[in-house]
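Shown next, in structure tokens, is the structure this report addresses.
Whatever order the structure lists ligands and atoms in, that order sets their numbers, starting from 1. Please read all numbers here as calculations on a predicted model, not as lab measurements.
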Amino acid sequence: MNTPRHTVRDIPADRLPALLRAMPKAELHMHIEGSLEPELIFALAQRNGVAIPYASVEDLRRAYAFTNLQSFLDIYYAGASVLLKEQDFYDMAWAYLERAAADNVIRTEMFFDPQTHTERGVSMQTVIDGLHRACVDARDKLGVDAALILCFLRHLSEEDAFATLEQALPYRDRFIGVGLDSSELGHPPEKFARVFARCRELGFHLVAHAGEEGPPAYVWSALDVLKVERVDHGVQSTKDPALMKRLAQDRIPLTVCPLSNLKLCVFPDLGQHNLRELLDAGLVATVNSDDPAYFGGYMNQNFIETFAATGLTAQHAWQLAANSFEGSFVDAAAKRAYVDRLNAAFDAFA
Ligand code: HPA
Ligand code: ZN
């Protein structure tokens with residue numbers, strides 16, 4: 001689906017933040033474990049009697065000074081260790097979904113990392129039950145359409161991924177797709193060729209992190225070997241003109257996460273982010289929060305800071321929101337309904 005372009009009147013830069021907040025949008029790249037705020041980490045640690053190596057919320061927040069992806073992942077996995085019970089997973093997801101609703105996120109496709117929990121003895125059922133219950137409540141109480149995508153950890157083996165898939169299959173109606181996350185460098189997509197082929201046969205949607213820190217070659221193999229429908233991050237693609245052409249021609253969405261890229265030093269500052277270059281090349285680029293509790297902001301913060309730093313316009317705002325609906329895993333009628341809401345919000349704003 002190539003969404004018909006809605007021509008947007010220019011608005012003064014000082015009114016852009018209000019427009020960015022008001023516009024309905026979809027979030028396609030957010031790790032639910034990365035929405036765990038330090039306050040909730042401490043509350044759950046206390047509730048569950050789990051020891052964490054930080055003296056206070058402030059002490060933990062001070063540790064959020066990352067130099068690359070791995071420096072973040074080490075702290076992210078430590079934070080997730082407080083999650084034990086179904087209610088913990090519910091509380092974490094509910095806190096995120098309330099913030100998503102406040103940001104006018106009307107559709108969210110949330111990643112979860114079951115291996116982070118099952119390897120600590122938490123059952124797959126506990127994880128999925130808690131997250132799923134929050135998704136059901138989000139639709140009923142917040143009007144947010146929420147779905148789950150199971151991610152395999154790429155620093156673990158393909159055999160481990162297959163075992164995880166087996167454990168999750170009894171709950172297959174509760175997640176819409178599979179993804180690939182964790183340490184990218186040294187763990188190319190082809191390591192997971194067979195498990196993705198199996199997930200494809202099973203009818204799951206397929207996505208993978210590629211080209212966050214890793215080279216364009218990883219984006220090519222996510223497309224050609226894993227056969228993903230979306231690429232998570234993908235910002236290194238601008239280094240390869242043939243890849244840019246492929247992504248534009250096949251309308252492969254890139255789920256870009258500007259504040260994540262800033263905090264993990266993928267770009268030296270937001271003003272040098274390549275989001276505009278991706279949009280200008282006709283790619284289906286989107287804005288997402290990745291791990292909002294760790295990277296300094298949820299959806300609207302990502303939009304507002306990135307627009308302020310790069311000079312993107314109201315037309316770009318419309319395009320990014322339209323791209324988020326085009327890239328979402330809903331049927332064509334639902335996409336059209338989302339875009340109608342988007343166009344109505346822009347008309348009302350003007
Ligand atoms: N990249 C890879 N793995 C992750 C990320 C990310 O940005 N966030 C959580 N797991
Ligand atoms: Zn991510």
Item to check | No-hydrogen, no-angle side-chain donor-acceptor test under 3.5 Å, D113 and Y76 | outcome: yes
Next on the checklist: So, 4.0 Å and heavy atoms of L73: is ligand 1 close enough to count as a contact?
Outcome noted: yes
Item to check | No-hydrogen, no-angle side-chain donor-acceptor test under 3.5 Å, E86 and T126 | outcome: no
Checklist entry - Which residue and non-hydrogen atom of the protein lie closest to atom 5 (C) of ligand 1, and at what distance in Å? => result H31 NE2, 3.5 Å
Checklist entry - Any donor-acceptor pair under 3.5 Å linking the side chain of N323 with the backbone of T286? => result no
Checklist entry - To the nearest 0.1 Å, how far is atom 7 (O) of ligand 1 from its closest protein heavy atom, and which atom is that? => result D290 OD2, 2.7 Å
Item to check | Protein residue, atom and distance nearest to atom 3 (N) of ligand 1, heavy-atom basis | outcome: S182 N, 2.8 Å
Checklist entry - Quick one: which ligand 1 atoms are inside 4.0 Å of a heavy atom on D291? => result 5 (C), 8 (N), 9 (C)
Checklist outcome for this item: Quick look: F111 vs ligand 1, heavy-atom contacts under 4.0 Å, and the answer is neither
Checklist entry - Under the 3.5 angstrom rule, does the side chain of R251 hit a backbone N or O of V284 as a donor-acceptor pair? => result no
Item to check | Salt-bridge contact R174-D129 (side-chain N to carboxylate O under 4.0 Å) | outcome: yes
Item to check | Pairing of D250 and R246 as salt bridge, 4.0 angstrom limit | outcome: yes
Checklist entry - Can H233 be said to touch ligand 1, with heavy atoms closer than 4.0 Å? => result yes
Checklist entry - Which atoms of ligand 1 sit under 4.0 Å from any heavy atom of F72? => result 8 (N), 9 (C)
Item to check | Neighbour count >12 (heavy atoms, 6.0 Å) for atom CD, E201 | outcome: yes
Item to check | Gap between atom CG of D137 and atom NE2 of H132 - 0.5 Å precision | outcome: 10.0 Å
Next on the checklist: Heavy atoms only, cut-off 4.0 Å: how does D232 contact ligand 1, side chain, backbone, both, or neither?
Outcome noted: neither
Item to check | Over-ring placement of R47 relative to F42, 6.0 Å and 45° cut-offs | outcome: no
Checklist outcome for this item: One checks the Zn ion (ligand 2) and counts protein N, O or S atoms under 2.8 Å, reaching 4
Item to check | D145 and Y338: side chain donor to acceptor below 3.5 Å | outcome: yes
Checklist entry - Is there a donor in the side chain of Y294 and an acceptor in the side chain of S260, or the other way round, less than 3.5 Å apart? => result no
Checklist entry - Hey, is E212 touching ligand 1 through its side chain, its backbone, both or neither, going by heavy atoms under 4.0 Å? => result side chain
